[in-house]
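Here the structure is laid out as structure tokens; the discussion comes afterwards.
Below, chains carry the letters A, B, ... as their sequence lines are ordered, and counting in each starts from 1.
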Amino acid sequence: MAEPVLELDDLTVRFRLKRGELTAVNGVSFCVRRGETFGLVGESGSGKSVTARSIMRLIPEPPGEISRGRIAFEGRNVLDMSDAEMRALRGRRIAMVFQEPMSALNPVFTVCDQISDALRTNLGLSKQEARERVVELLSLVGIPSPRRRLDSYVHEFSGGMRQRVMLAMALSCNPSFLIADEPTTALDVTIQATILELITSMIDRFGMSLIFITHNLGVVAHTCDSIGVMYASHLVELGGKRDIFERPQHPYTVGLLNSIPRLDAQARYLTPIRGSVCNMLDPPVGCKFHPRCAHAMDICRREVPQFREIAPGHHAACHLLDRG
Amino acid sequence: MTTGDALLEVNGLTKHFPLHADIYSKLAGEKAQVLKAVDGIDFRIRKGETLGLVGESGCGKSTTARLVTRLIEPTAGKVSLKGEDMLSYSPSRMKAARKEVQLVFQDPYSSLNPRKTIMQILSRPMELHGLAASWAEKRERVLELLERVGLGLEHVDRYPHEFSGGQRQRIAIARALSVDPELVIGDEPVSALDVSIQAQILNLFRDLQEEFGLTYLFIAHDLSVIRHISDRVAVMYVGKIVEAGPAAALFASPLHPYTKALLAAVPEADPGKAPPKLTLKGEVSTPIDPPPGCRLCGRCPRELPVCAQVEPPLVEVGDDRQVACHNL
């Protein structure tokens, strides 16, 4: 097994808002190995994006605060790095692709300007060298006639093409680690298929590691080796792709899988998870999932279940699994 | 199938939006471009049935919903409700017809007025259609509706911001039901919801259909949602219906290359299934002044010379299935 590249240990992120204090990420630990693709799945507000942004130290402080834990990238704690060290890390070692390319890209600069900005700052290329490299990058991500599109603005591209530009920008400084935060959520299903293929091929080609954040279980089923499931700031289950899809253990993971309508068979009714996500400003005591859980016991209402290994490489946090 | 049992029938429905040319092209004498959002579509929905309308962004699904509710006027075509031509209705007759056809929108954050309580939101349609005489009667009916869509009665005097997305969508559904409609049109009603909540709302749609004998036109871009909720499905591509038929048959053996491509692109939540793939070339064609011939020209893996010249009509191929493709 390859060595771990990124290790999160007990990561806890809090936000102090006017309305109260909110824990967005609560004791999350996982590791991503070299060349591995890791899927972080959860519904809106579960803390998956905050987890990703913490790795890049993109959490605005204040109101946010990484209050506990350690994020080790290639053995060094990112949280101890100076601003200069962080700048050397972002883009060059770890790059990020965001969900909404229209708001992540700058509308008043041409595509070439934006991508070469990173190249010139990080790699010290000249204007002309950077321009040539941008042509290479755009053709790498499958933008037709890249030389002609160099001086186009973002609004002149379709949604799928914009996401390709984002990916070209992320790949520009040869990072070894890519974080993709819902990169296909805003796209139509046929475009999504091409972007997923592209990301997978880039990962293989450059031997990168990937964290893929999504709410779509179908997407991780086909792009990721291992998967972490988040619910209300906690990582509730973690395991290999087959563990999660074939032997899900946490009631939330089971509920999530049962909620998805299937393409190959028509059931009259779906099996949803009852209720709705708790208010994160005033979360329930004990397991955060207990108000929605069909198997909730007394202990679930009192104590937060421990996240522990239930089978080799398969972790979950549920009192049901602690009964022996 | 006879026309008689169709609750809603749409023939040659067309909506063209002229794009305003800038002054330079006007001076140069260029013709204004036309965006053909919906370009001659036909479908029927039988009473008590759910027709799923599926397609990618910009294919004309939402425009279709707006046309059949006459929120916008069609350029051409016919919309018949229970055999009557809805487009010839006088404004007062149309107002009465609106009671029969209700809409549920995608975004429950913008479709509910933030300044009105749930009581006000749900009783307004009854007032407009003269369905409740007294306050007490309205109140009783509103409480009944809340219970029916699975919301606690204590919510009746609250405002929309106090509810989650799923709860708001329940309120929007209750509002649609408040006038006792026959046809409910859902324009992406579950797209903005998380999957666990989406399942709750889909079940609610199912329950209400059984209880009130409702007919649905259900619009979505998510194929598994469409597969789940629909009896019949129509697939749209750039303003045209390219394939229609019973849900089970259409999903089991899609006939049109576009339907096949859509299904192959869906990532199923099962690592054992084939990974998503795009079987078409290039990107979605433009609805602005589309060239003659099939809209899928240039992208289709089974293209014939005739495809670029003649637009394939939607033809019956047996078993209640229709396809618009030259190469079958």
Side-chain angles (χ1 to χ4, degrees), chain A residues 41-46 144 158-161 184 186-197 200 214-224 227 231 240-242 244-246 252 255-277 279 292, chain B residues 54-59 150 163-167 190 192-204 206-207 210 221-231 247-248 251-252 258 261-280 282-284 286 299:
Chain A
V41 191
E43 297 180 290
S44 357
S46 59
S158 67
M161 286 296 155
T184 60
L187 304 176
D188 274 320
V189 61
T190 56
I191 318 283
Q192 167 170 283
T194 58
I195 297 293
L196 289 178
E197 261 183 278
T200 318
T214 178
H215 67 280
N216 187 333
L217 281 157
V219 168
V220 286
H222 299 284
T223 32
C224 298
I227 293 162
Y231 181 79
K241 176 161 72 180
R242 304 224 163 257
I244 301 295
F245 283 96
E246 287 161 23
Y252 176 66
L256 211 50
L257 286 166
N258 285 339
S259 300
I260 305 173
R262 300 187 61 92
L263 264 188
D264 51 4
Q266 193 175 28
R268 194 133 185 85
Y269 285 96
L270 294 165
T271 324
I273 303 173
R274 66 181 180 194
S276 51
V277 181
N279 176 1
R292 306 181 72 187
Chain B
V54 68
E56 295 181 284
S57 19
C59 73
F163 296 89
S164 67
Q167 288 174 317
V190 297
L193 306 174
D194 273 320
V195 61
S196 68
I197 308 297
Q198 171 180 296
Q200 295 174 359
I201 301 296
L202 286 173
N203 281 352
L204 178 63
R206 186 74 94 187
D207 278 337
E210 270 174 23
H221 68 279
D222 184 321
L223 285 138
S224 40
V225 165
I226 285 289
R227 168 80 179 93
H228 175 76
I229 198 84
S230 312
D231 300 308
F251 278 84
Y258 180 67
L262 267 185
L263 286 172
V266 179
E268 285 194 75
D270 180 349
K273 292 270 167 65
K277 252 185 73 184
L278 183 64
T279 54
L280 297 174
E283 292 206 332
V284 177
T286 170
R299 304 191 70 196

The side chain to side chain contact (heavy atoms under 4.5 Å, CB included) partners of Val220(A) (sequence neighbours excluded) come to Val41(A), Thr214(A), Leu217(A), Cys224(A), Ile227(A), Phe245(A)
Between Thr286(B) and chain A, which part of the residue has a heavy atom less than 4.5 Å away: side chain, backbone, both or neither?
neither
Assess the side chains of Thr190(A) and Glu56(B): does a donor N or O sit below 3.5 Å from an acceptor N or O?
yes
Short side-chain to backbone donor-acceptor contact, Asn203(B) and Tyr269(A), under 3.5 Å:
no
Portion of Leu223(B) that has a non-hydrogen atom of chain A nearer than 4.5 angstrom
both
From CA spacing to verdict: side chain to side chain contact (heavy atoms under 4.5 Å, CB included), Leu263(A), Lys273(B)
CA-CA 11 Å; Leu263(A) 264 188; Lys273(B) 292 270 167 65; over 6 Å; no
For Arg292(A), which atoms come within 4.5 Å of any heavy atom of chain B: side chain, backbone, both, or neither?
side chain
Pick one of side chain, backbone, both or neither for Asp207(B), based on which atoms fall under 4.5 Å of a heavy atom in chain A.
both
Checking Val54(B), Leu263(B), Leu262(B) against Val189(A) for side chain to side chain contact (heavy atoms under 4.5 Å, CB included), the one that qualifies is Leu262(B)
Leu196(A) versus chain B, the contacting section by heavy-atom distance below 4.5 Å
side chain
Applying ring pair (Phe, Tyr, Trp, His ring centres under 6.0 Å), can you list everything that pairs with Phe251(B), at least two apart in sequence or on another chain?
none
List the atom of Ser196(B), the atom of Pro272(A), and the distance in Å for their closest heavy-atom pair.
O-CB, 3.6 Å
Nearest heavy-atom contact between Ser259(A) and Ala199(B) is O-CB, 3.6 Å
So what's closer than 4.5 Å to chain A heavy atoms on Gln198(B): side chain, backbone, both or neither?
side chain
Pairwise distance NE2(His222(A)) to CD(Glu268(B)) - rounded to 0.5 angstrom:
6.5 Å
Part of Ala252(B) lying under 4.5 Å from any heavy atom of chain A:
neither
Of Leu187(A), Leu270(A), Val277(A), the largest count of non-hydrogen pairs under 4.5 angstrom with chain B goes to Leu270(A)
Give, as side chain, backbone, both or neither, the part of Glu43(A) having an atom under 4.5 angstrom from any heavy atom of chain B.
both
